[in-house]
Amino acid sequence: MYRTHTCGELRIDNVNTEVILAGWVQRIRDLGAMSFVDLRDRYGITQLVIDEETDKSVAKQLHGLGREFVIQAKGTVRERQSKNKNIATGEVEIALSEIKVLSTSEIPPFTIQDDTDGGDDIRMKYRYLDLRRSTVRKNLVLRSKMAHAVRCYLNSQDFIETETPVLIKSTPEGARDFIVPSRMNEGQFYALPQSPQTFKQLLMIAGFDRYFQIVKCFRDEDLRADRQPEFTQIDCEMSFVDQKDVLAMFEGLTKHMFKETLNIEVGDFPWMPYSEAMEKYGSDKPDIRFEMCINDITETVKGNNFVVFDSAEYIGAICATGCAGYTRKQLDGLTKWVQRPQIGAKGLVYVKCNEDGTFKSSVDKFYSQDDLKVWAGKTGAKAGDLILVMSGDKSNMQKAIGELRLEMGNQLGLRKKGTFKPLWVVDFPLLEWDEESQRFHAMHHPFTSPKIEDIPLMDTDPGKVRANAYDLVINGVEIGGGSVRIFDSALQAKMFSLLGFTKEEAEAQFGFLMKAFKYGAPPHAGIAFGFDRLVSLFAGLDTIRDVIAFPKNNSGRDVMIDSPSFVADAQLDELNLKLDLKEKK
RNA sequence: GGUGGCGUAGUUCAGUUGGUUAGAAUAUCGGCCUGUCACGCCGAGGGUCGCGAGUUCGAGUCUCGUCGUCACCGCCA
């Protein structure tokens, strides 16, 4: 027997029992005639002690130990003379009678403590050591709990958990595919799924009615703090439902997860049309933990011979509560911030609403105190507030002010971790014009159904067609998205043609789905949650890396196993592949 | 593809206007220590300043290139 107890479970009630513990040496504190060892496992830390009563050979053995040795320790539980309130086992210690080294350790490259001295780079290279730290382990425990909560809830709602294939077919729509050569089919490739989209729709046609899967998906695109090339979705689909049914079901799931894992009750989720989200928040994923909504003041401020405004398509303003005291330096800082290439604004106009009722602005030359008072009225600014104004073309400026709004939210501490404000963003446009390829792209995906009342617009003004598509947004993070699907092969064919597919291309890529629609397809709809994002949101983290056991770095590399890597020529030969690496200039 | 930050001891970082022998903390090793739990005290070892070129009497410091890493933009149906 390796152990009788874990390192996290002994309490005062266990005093005088003989126990065997096993774990990693966290730290040794040698006080001369007596020494302490913190023994660590997944469950906690227990203190081992040697003093003058301990067998000399054990004391001698202790001196051979180092950090991260794996040992087995036999001894008697006793009450501590000086207790440690900070740990669960802090009232007891083990008076050692025997130590056995199960495994030695080299000196770890960074300290394995909550407040490690290691940076991201070295921790990723030795991820298996990083995972020993309780801060990282806690995230993965949370992830496990959340996955369990998902399964419990969806099982209780009669969902069938079904696996779908990972080696599938490449499609040019959407993100780049990871492709896998087929040895048995010379010159041909599988693709890894960006999502099990078509398969879950086929399961609906198969009559499964309610399907879910916690599933790895793959996209060969550049990474971000919240984007990995392989990531996990909670993928769901239902039959004989409309949008309202789907949102109700998955609002229920989301609330269940909050309750089960964080013990938080979140209220009912508001529905916000996409157009409102863009107008008021400059984003399709608004953070509604705070107000500071964007006001369109275009008509109010035009016509005072201020060229910048007069020539602008759109002028928007936000009101930063209590910021009238911002210094010149702070305002310059904000201006610089919006001028960064990532935002790309030309400048920023401010109006300070002074406590005495006067106004001080950067455009005093063009606007009177009365004019500025009207601005304040439009933006809801009161004495002590700061109005920030940006102008330019409409869609870019809405986004830019939306970014500024988030930055002000950060500066004012309005984006509190631990507060969760979910909402459904609905009524997305069906299509999005792409300048580069000079054609429409599906905003969600090509299987999304248009709103019935907008179907006539598909012929006259496709850009105006709204979709039965929805996103779950929490705290400004896109957590999930889905849609009511097209289940009619004629409408699906029309959609493909709008997207610029020829009949032949549509047939070659999605013929199997179009054919399936001809054999009795039920109305169906679904949703997919970004599981990694959801876990990192729950854990209060800014990156999904820390909720993934073995993540990739910014360049899509796994620095621990050093992949991707070149393969042997023999492997390439077998696949009939030849590398032709282009010389770098 | 682009913009920006960072790269100095095992690790995390400091290093002034370009100027003598590159520092701190922590980790490691040795000594002392009977109640520690970030133990304490004393001492020691530990450096290709990412790499390459350039400017200069002189480069950790300035310039260019390159590699790595992080954040963001593009991209992510």
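Model, not experiment: these values are computed from the prediction. Below, chain A is the first sequence line, B the second, and so on; all start at residue 1. Side chains are part of it too, since the values below use all heavy atoms of this structure and drop only hydrogens, waters and symmetry mates.
- What separates CZ of F110(A) from C1' of G10(B) is a distance of 12 Å, to the nearest Å.
- For the C1' atom pair drawn from U8(B) and U61(B), the interatomic distance equals 11 Å after rounding to whole Å.
- Residue Y126(A) contributes atom OH, which lies 14 Å from atom C1' of A27(B) at whole-angstrom precision.
- Remark: P of G35(B) and CZ of R29(A) are 13 Å apart, rounded to the nearest angstrom.
- The backbone N or O of F69(A) sits nowhere less than 3.5 Å from a side-chain atom of T104(A) that would complete a donor-acceptor pair.
- Residue contacts shown for P446(A) include a base, since a base heavy atom lies under 4.0 Å away.
- As rounded to the nearest Å, G10(B) and C29(B) have C1' atoms that lie 13 Å from one another.
- Base pairing analysis places G7(B) opposite C67(B); the two distances defining the Watson-Crick or G-U wobble pair are each below 3.5 Å.
- In this model, no side-chain donor or acceptor of D121(A) finds a partner on the base of G7(B) within 3.5 Å.
- A donor-acceptor contact shorter than 3.5 Å links the side chain of Q228(A) to the backbone of K552(A).
- A centroid separation of 6.0 Å or more is found between the aromatic rings of F487(A) and F517(A).
- Rounded to whole Å, the distance from CG on D115(A) to P on C13(B) is 14 Å.
- Across all strands shown, E93(A) has heavy atoms under 4.0 Å from base atoms, whether or not it also approaches the sugar-phosphate.
- The neighbour count for K515(A) NZ, taken as heavy atoms of other residues, nucleotides or ligands under 6.0 Å away, does not exceed 12.
- The base-pairing partner of G35(B), taking Watson-Crick or G-U wobble contacts with both distances under 3.5 Å, does not exist among the strands shown.
- Take the nearest nucleotide of RNA chain B for A175(A) and for I343(A): the residue whose nucleotide is more 5' is I343(A).
- Across all strands shown, R123(A) has no heavy atoms under 4.0 Å from either base or sugar-phosphate atoms.
- A 3.5 Å limit on both hydrogen-bonding distances identifies C62(B) as the Watson-Crick or G-U partner of G54(B).
- When the shell of 6.0 Å around CD of E106(A) is examined, it contains 12 or fewer heavy atoms from other residues, nucleotides or ligands.
- Taking a pair to require two hydrogen-bonding distances under 3.5 Å in either a Watson-Crick or a G-U wobble arrangement, A44(B) pairs with U28(B).
- Between the side chain of R78(A) and the base of G35(B), a donor-acceptor pair under 3.5 Å is found.
- Distance CD1 (I50(A)) to P (G35(B)): 15 Å, rounded to an integer number of Å.
- Across the strands present, C49(B) finds no partner; the criterion is a Watson-Crick or G-U wobble pair with both atom distances under 3.5 angstrom.
- D51(A) places its CG atom 11 Å from the P atom of G35(B), with the value rounded to the nearest Å.
- Residue contacts for K125(A): at a heavy-atom cut-off of 4.0 Å it reaches no nucleic acid atom on any strand shown.
- Across G10(B), G35(B), A27(B), the shortest atom-to-atom separation from the side chain of I107(A) is found for A27(B).
- Ring centroids of F231(A) and F531(A) are separated by 6.0 Å or more, keeping the two rings apart.
- Within 3.5 Å, no donor on the side chain of E221(A) pairs with an acceptor on the base of C76(B), nor the reverse.
- Side-chain atoms of R224(A) and base atoms of C70(B) include no donor and acceptor less than 3.5 Å apart.
- The base of C76(B) is paired with the side chain of R227(A) by a donor and an acceptor separated by under 3.5 Å.
- Put simply, NZ on K85(A) is 17 Å from C1' on A38(B), counting in whole angstrom units.
- Protein atom CG of N86(A) is 12 Å distant from nucleotide atom P of C39(B), rounded to whole Å.
- The base of C37(B) is paired with the side chain of R80(A) by a donor and an acceptor separated by under 3.5 Å.
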